[in-house]
Each structure stands twice: as C-alpha cells, then as structure tokens.
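Reckoned from all heavy atoms, side chains included, excluding hydrogens, waters and symmetry mates. Here is how names work: the chains are called A, B, and so on, in the same order as the sequence lines, proteins then strands, and each is numbered from 1.
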There are 2 protein chains.
Amino acid sequence: MGAHHTGSEAGFSGKRTAEIVDITYRQLDYWARTDLVRPSLADASGSGSRRQYSYRDLLELKVIKSLLDSGIRLEQVRKVFAYMRNHLGEDVASANLVIDGSNSVLVNTGEELIDLLQNGQGVLNVLPLAGVKDEVDARIVSLYPDMADVVADVPRAAGDA
Amino acid sequence: MGAHHTGSEAGFSGKRTAEIVDITYRQLDYWARTDLVRPSLADASGSGSRRQYSYRDLLELKVIKSLLDSGIRLEQVRKVFAYMRNHLGEDVASANLVIDGSNSVLVNTGEELIDLLQNGQGVLNVLPLAGVKDEVDARIVSLYPDMADVVADVPRAAGDA
DNA sequence: CGGCGAAATTACGACCGTGTGAGTGTGGAT
DNA sequence: ATCCACACTCACACGGTCGTAATTTCGCCG
C-alpha cells in the first residue's frame with residue numbers, strides 16, 4: 001500500500017514522548033536540559049517552545065528508562081551513553097547492551113556473554129535491546145495508532161492486518 | 001592461661017574492614033547506622049565502643065562495593081540484600097548473583113543465565129561471587145597476614161583456578 | 001478573519017537521599 | 001590513670017526529583 005503523510009513526520013511532543021517511554025515529564029525535561037537526550041527534531045528555544053523527539057530518541061529514552069528501573073544510577077547511564085551513542089547503530093533490534101563498570105559493549109550471542117562473565121571481575125549489566133524496541137512500538141500503536149507507520153520501517157516477520 | 005594477641009578470632013575492626021573492602025570509613029559507618037550491614041561479632045554500643053566485623057561481613061560489604069562500582073544505586077542494593085541475606089548461604093564462592101530489577105537470584109550455570117536473558121524484559125545485573133571472595137582474600141593476606149587463617153576455614157569449591 | 005481563553009510546555013526553586021567533614025566524648029588497652 | 005582509636009552528632013555539598021509559577025502556542029467562537 002502507498003505511503004501516507006498522516007502526521008507521522010511531525011515527531012513526538014514532549015508529553016507524548018514521556019507517555020510512550022513511561023517516564024515523567026519532569027524527567028524528560030531534566031534529561032534534555034542536562035544534555036542526556038536532546039530532541040533530534042526540534043530543541044527548546046525559550047519558554048513556550050516545543051521539543052520534537054524522533055523515533056530514535058524514543059528508543060534511547062526507553063533504554064535509559066530500563067537502566068534506571070534496574071537500579072542503575074543516572075550518572076552511570078550518562079557515561080554509558082557518552083560512549084555508546086556512536087555505536088548505537090542499525091542493529092538496535094537484536095544486540096545486547098553489556099556494561100561492565102566503565103566499559104560498554106554490544107554483544108550478539110550468548111556465548112560471547114558467558115565469555116565476558118568468566119573474565120570479568122565486577123558486575124555485568126545486560127540489556128536485550130530487542131525488548132526495548134518491542135515495548136516502544138507496542139506503546140506507540142496502543143496510544144497513538146496514527147504514528148504506527150513510524151515503527152513499520154523495520155522489517156518484521158509476521159504479517160499484520 | 002595467657003591470652004595472647006591472637007587477633008584471628010577477634011574479627012575485623014572498623015578501620016581494617018574499610019581498608020580490606022576498599023571503602024571509606026565514613027561509608028562503613030553510614031551503612032552500619034542505616035542498617036545496611038551491621039557487624040555480626042560486635043555492634044556499636046555507644047560512643048567509644050568498637051564494631052567487630054566477621055569474615056562473612058567482609059564478603060557482603062565487598063559485594064555491595066562491587067554493585068556500587070558498577071553504577072547501581074544504594075537503594076537498589078538495600079532491596080537486594082533485604083531479599084538476598086537469607087539466600088547468601090554456603091556457596092558464596094561459585095554462584096552468580098543476578099538482579100533483574102526487583103528480584104534477585106543465585107545462578108550457578110551459564111545456561112541458566114542465558115535462559116533468564118531470553119525471558120527477561122529489562123536489565124540483568126550479573127555479579128560472579130567467586131571473584132568477590134578472591135579479592136577479599138587477597139586483600140586480607142596482603143594487608144594482615146595474621147588473619148590468613150580466617151579465609152582458609154570457609155569451604156571453597158574444589159579445584160578452582 | 002482576528003482576538004480571547006485554556007491547555008501545554010519551559011523555567012525556577014524547594015526538597016530528599018547519599019555521602020563527607022569537623023568536632024566531641026567515651027571506652028578499651030597499656 | 002593515660003592515651004588513642006572509634007562511635008556519635010551536627011552541618012553541609014551534590015546530584016537528582018518533584019511541585020509550582022510563568023510564558024507561549026493553539027483551538028474556538030463571534
């Protein structure tokens with residue numbers, strides 16, 4: 001079926017972003033002004049202006065939310081993203097994000113993971129990114145079906161209605 | 001019976017404990033007063049008294065220190081220990097401590113771990129306890145050789161390397 | 001077609017948890 | 001009895017969160 005321009009290009013407002021990612025608006029605001037995640041499409045430009053977040057932004061935010069939920073300090077999250085932002089490429093859907101204290105890696109197989117476990121001295125924080133994307137997508141279609149086409153640009157196995 | 005300066009049975013003073021575990025004395029003090037880890041052998045009983053930590057206490061403290069170093073919030077650590085304290089039994093040396101947000105488990109094989117990874121939605125924090133014990137032991141013999149016998153009388157998994 | 005009211009959003013400031021530092025007094029070992 | 005290490009009591013710094021006020025934009029009605 002043909003491509004439609006139904007407003008999906010408009011991106012996500014602050015409020016909707018917070019809803020989708022399941023964080024408070026306060027957190028989103030705080031993270032933006034402290035340079036953790038700034039909206040890619042439109043940054044704030046004075047009081048009353050509106051931030052516009054891209055779909056990719058949502059994924060980053062959801063990763064952060066997951067990290068926080070697991071009890072990781074925001075300071076640590078900042079370090080991870082300083083290093084990871086470049087490497088958070090296309091394969092967001094399949095890899096596992098592994099943090100071992102100060103370093104962060106993307107790992108694809110479970111064997112690699114066990115390898116890290118035996119060598120590593122400290123704690124390993126492991127986050128399957130596939131689940132993150134799924135959660136965000138589900139939340140978008142559930143709350144804002146109009147924007148469903150944004151999530152569809154990644155090939156999926158099963159056919160949908 | 002001349003009671004000599006054995007020291008081994010006496011446990012570890014506050015200062016030495018902090019040194020061995022590699023935390024500040026202020027942290028040790030703070031954690032004791034806020035009921036995170038209280039000394040098993042002798043708790044504080046007013047100004048001038050002395051806390052006495054057991055070897056097992058050292059292990060707990062080192063686990064906490066590791067968790068903290070990996071960027072986990074103290075609040076989360078408290079939750080983990082509230083649940084884990086009972087289960088932190090004999091096999092301290094070989095198991096892996098796994099935290100998935102609100103629950104904590106001890107896992108022995110890598111396969112179990114991969115299993116958890118596929119089912120789990122959020123972040124898994126994995127800490128190999130063997131490394132913790134090794135670090136504590138090494139630190140004890142290095143700083144206080146007199147107490148080396150304390151580390152030996154705890155059962156270890158046979159044939160580790 | 002334009003202005004008004006209300007909702008959405010940014011900006012500001014108070015508050016909480018964690019940890020540190022200095023100062024004091026008390027108990028234990030010599 | 002004396003000395004020193006340690007526990008205890010404020011006071012505070014700092015990162016992070018949250019409630020609230022100030023400001024802009026948008027929808028609606030005349």
- Query: Passes salt bridge (Lys or Arg N to Asp or Glu O under 4.0 Å), R26(A) versus D29(A)? Steps please.
  - Reply: CA-CA 5 Å; R26(A) 302 273 154 272; D29(A) 181 40; 5.0 Å; no
- Task: Can you tell me the distance, in whole Å, between the CZ atom of F12(B) and the C1' atom of dC6(D)?
- Result: 18 Å
- For dT25(D), does either OP1 or OP2 sit under 4.0 Å from a side-chain N or O belonging to S49(A)? no
- Distance check: side-chain N/O of R26(A) vs OP1/OP2 of dG19(D), anything under 4.0 Å? no
- Calculate the interatomic distance between R50(B) atom CZ and dG28(C) atom C1'; express it in whole Å. 6 Å
- Within the pair S13(A) and dT9(C), is there a side-chain N or O less than 4.0 Å away from OP1 or OP2? yes
- Query: How about E111(B): does its CD atom have over 12 heavy atoms from other parts shown lying under 6.0 Å from it?
  - Reply: no
- Item | Shared hydrophobic cluster for I114(B) and V126(B) (ILVMFWY, side-chain gaps under 4.5 Å) | no
- Message: What is the distance, to the nearest angstrom, from the CD atom on Q52(B) to the C1' atom on dC6(D)?
- Response: 12 Å
- Message: Could you see if V141(B) belongs to whatever hydrophobic cluster contains Y144(B)? Use Ile, Leu, Val, Met, Phe, Trp, Tyr and a side-chain cutoff under 4.5 Å.
- Response: no
- Query: For the side chain of S47(B), counting heavy atoms from C-beta on, which of dG25(C), dC4(D), dT25(D) is nearest?
  - Reply: dG25(C)
- Nearest-Å distance for atom pair CG/C1', residues D69(A) and dT17(D): 15 Å
- Query: Of all the choices, dG16(D), dC6(D), dC8(D), which nucleotide is nearest to the side chain of D29(B) once you look at every atom?
  - Reply: dC8(D)
- CD1 on I20(A) to CD on E135(A), rounded to 0.5 Å: 13.0 Å
- Query: For T34(B), which contact category applies under a 4.0 Å heavy-atom criterion: base, sugar-phosphate, or nothing?
  - Reply: nothing
- Can you tell me the distance, in whole Å, between the CD atom of E75(A) and the C1' atom of dG17(C)? 15 Å
- Query: NA contact type, R51(A), heavy-atom cut-off 4.0 Å: base, sugar-phosphate, or nothing?
  - Reply: sugar-phosphate
- Rounded to whole Å, the CG-C1' distance (L74(A) to dT18(C)) equals 15 Å
- Item | Presence of R78(A) side-chain N/O under 4.0 Å of dG16(D) phosphate oxygens OP1/OP2 | yes
- For W31(B) and dG19(C), is the shortest distance between a side-chain N/O and OP1 or OP2 below 4.0 Å? yes
- R33(A) CZ to dG15(D) P, straight-line distance once rounded to whole Å: 16 Å
- Quick note, Y30(A) side chain, CB onward, closest among dT18(C), dG15(D), dT9(C) is dG15(D)
- Indicate, with a heavy-atom threshold strictly under 4.0 Å, whether G14(B) touches base, sugar-phosphate, or nothing. nothing
- For the pair made of CZ in R73(B) and P in dC16(C), what is the distance, rounded to whole Å? 18 Å
